[in-house]
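The structure appears below as structure tokens.
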Amino acid sequence: AQSVTQLGSHVSVSEGALVLLRCNYSSSVPPYLFWYVQYPNQGLQLLLKYTSAATLVKGINGFEAEFKKSETSFHLTKPSAHMSDAAEYFCAVSPNTGTASKLTFGTGTRLQVTL
Amino acid sequence: GAGVSQSPSNKVTEKGKDVELRCDPISGHTALYWYRQSLGQGLEFLIYFQGNSAPDKSGLPSDRFSAERTGGSVSTLTIQRTQQEDSAVYLCASSSTYRDTGELFFGEGSRLTVL
């Protein structure tokens with residue numbers, strides 16, 4: 001069984017400040033890990049994914065995440081927040097089985113960016 | 001089409017009525033997923049199709065919910081005798097099992113409101 005926990009349902013940062021959204025996972029098999037972003041009234045869009053290659057993963061819009069097995073974490077960061085980053089962010093996990101399988105999502109973190 | 005298409009985008013119905021939600025996945029994607037997104041609940045897995053069969057329907061909340069997929073393409077999620085707690089955004093996603101890395105491509109969702 002797999003699960004993800006996102007700490008903080010709401011995060012507020014100033015424009016230009018560091019963004020840190022936390023995700024911890026639980027998985028009995030080597031996982032694939034994902035961050036998705038959802039802008040208002042839109043579907044989910046993939047930001048980045050970890051598929052057992054490099055532990056530091058770079059995604060779109062300047063976001064990156066680091067897979068830390070010892071901490072079972074996959075936190076999302078961006079050095080400098082922009083107003084356009086305001087959205088809801090979801091961490092997700094699936095088993096690394098080489099075949100399609102469902103993603104298990106966290107409850108999401110809403111990011112607010114203020115001037 | 002280029003992306004996952006869902007219809008209707010919005011549906012308002014009265015308690016006790018049946019509703020059908022449609023999903024048209026990305027051409028060639030053999031895996032199709034339904035998720036439900038409720039306020040404060042994150043994304044809840046409902047059912048997963050591989051081709052026309054459903055290996056995992058563990059997330060369907062009750063026997064009022066059913067889904068089918070025909071021709072390995074379009075899927076319909078049916079909710080019978082709708083209840084107010086069924087109000088949510090129903091998201092469909094698809095993925096390719098060929099060289100799969102677990103990434104899902106989402107539609108924009110069908111927002112269901114049960115009065």
Side-chain angles (χ1 to χ4, degrees), chain A residues 1-10 21 23 25 27 29-54 57 59-60 65 67 74 87-110, chain B residues 1-7 9-10 23-26 28-51 53-60 67 72 89-111:
Chain A
Q2 308 144 86
S3 64
V4 289
T5 301
Q6 292 184 242
L7 294 176
S9 58
H10 289 84
L21 304 182
C23 174
Y25 71 90
S27 178
V29 298
Y32 289 150
L33 291 160
F34 305 80
W35 277 98
Y36 282 80
V37 61
Q38 185 178 33
Y39 298 103
N41 299 314
Q42 295 187 26
L44 276 73
Q45 175 184 355
L46 182 70
L47 263 182
L48 50 79
K49 60 185 176 184
Y50 166 76
T51 56
S52 71
V57 181
I60 61 173
F67 173 71
F74 190 59
E88 188 147 23
Y89 292 79
F90 292 92
C91 182
V93 63
S94 74
N96 178 356
T97 62
T99 59
S101 56
K102 70 185 185 188
L103 295 189
T104 301
F105 286 86
T107 51
T109 297
R110 184 166 298 279
Chain B
V4 177
S5 178
Q6 292 188 245
S7 61
S9 55
N10 277 287
C23 174
D24 201 342
I26 292 172
H29 279 190
T30 58
L32 185 146
Y33 310 77
W34 284 98
Y35 285 83
R36 180 167 72 174
Q37 185 175 23
S38 307
L39 270 175
Q41 301 281 335
L43 274 78
E44 175 188 11
F45 169 79
L46 298 179
I47 188 170
Y48 152 59
F49 287 92
Q50 183 60 44
S53 63
D56 188 349
K57 42 188 172 183
S58 61
L60 293 178
V89 177
Y90 290 82
L91 292 168
C92 177
S94 68
S95 72
S96 169
T97 54
Y98 184 66
R99 296 172 62 190
D100 179 73
T101 57
E103 176 182 355
L104 302 190
F105 295 83
F106 282 84
E108 294 189 353
S110 292
R111 181 177 298 277

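Chain naming here is simple, since letters A, B, ... match the order of the sequence lines and numbering starts at 1 in each.
Taking the six-membered ring for Trp and thresholds of 30 and 60 degrees, A/Y50 and A/F74 have ring planes inclined between 30 and 60 degrees apart. The aromatic rings of A/F67 and A/Y25 lie parallel to each other, with less than 30° between the two planes, well short of the 60° mark.
For chain A, the nearby part of B/L91 is the side chain; its heavy atoms alone come within less than 4.5 Å. Neither the backbone nor the side chain of A/Q45 has a heavy atom closer than 4.5 Å to any heavy atom of chain B. For A/L44, the parts lying near chain B are the backbone and the side chain together; criterion is any non-hydrogen pair under 4.5 Å. With a 4.5 angstrom heavy-atom cutoff, B/S58 touches chain A only via side-chain atoms. Contacts of B/E44 with chain A are absent, with no heavy-atom separation under 4.5 Å from either backbone or side chain.
Among the candidates A/F90, A/F34, A/Y89, A/Y36, the single residue satisfying the side chain to side chain contact (heavy atoms under 4.5 Å, CB included) test with A/L47 is A/Y89.
Nearest heavy atom pair, residue B/C92 against residue B/V4, reads O-CG1, 3.9 Å. When every heavy atom of A/L48 is checked against every heavy atom of A/G59, the shortest pair comes out as CB-CA, 3.8 Å.
Between chain B and the options A/E88, A/Q38, A/Q42, heavy-atom pairs under 4.5 Å are most frequent for A/Q38.
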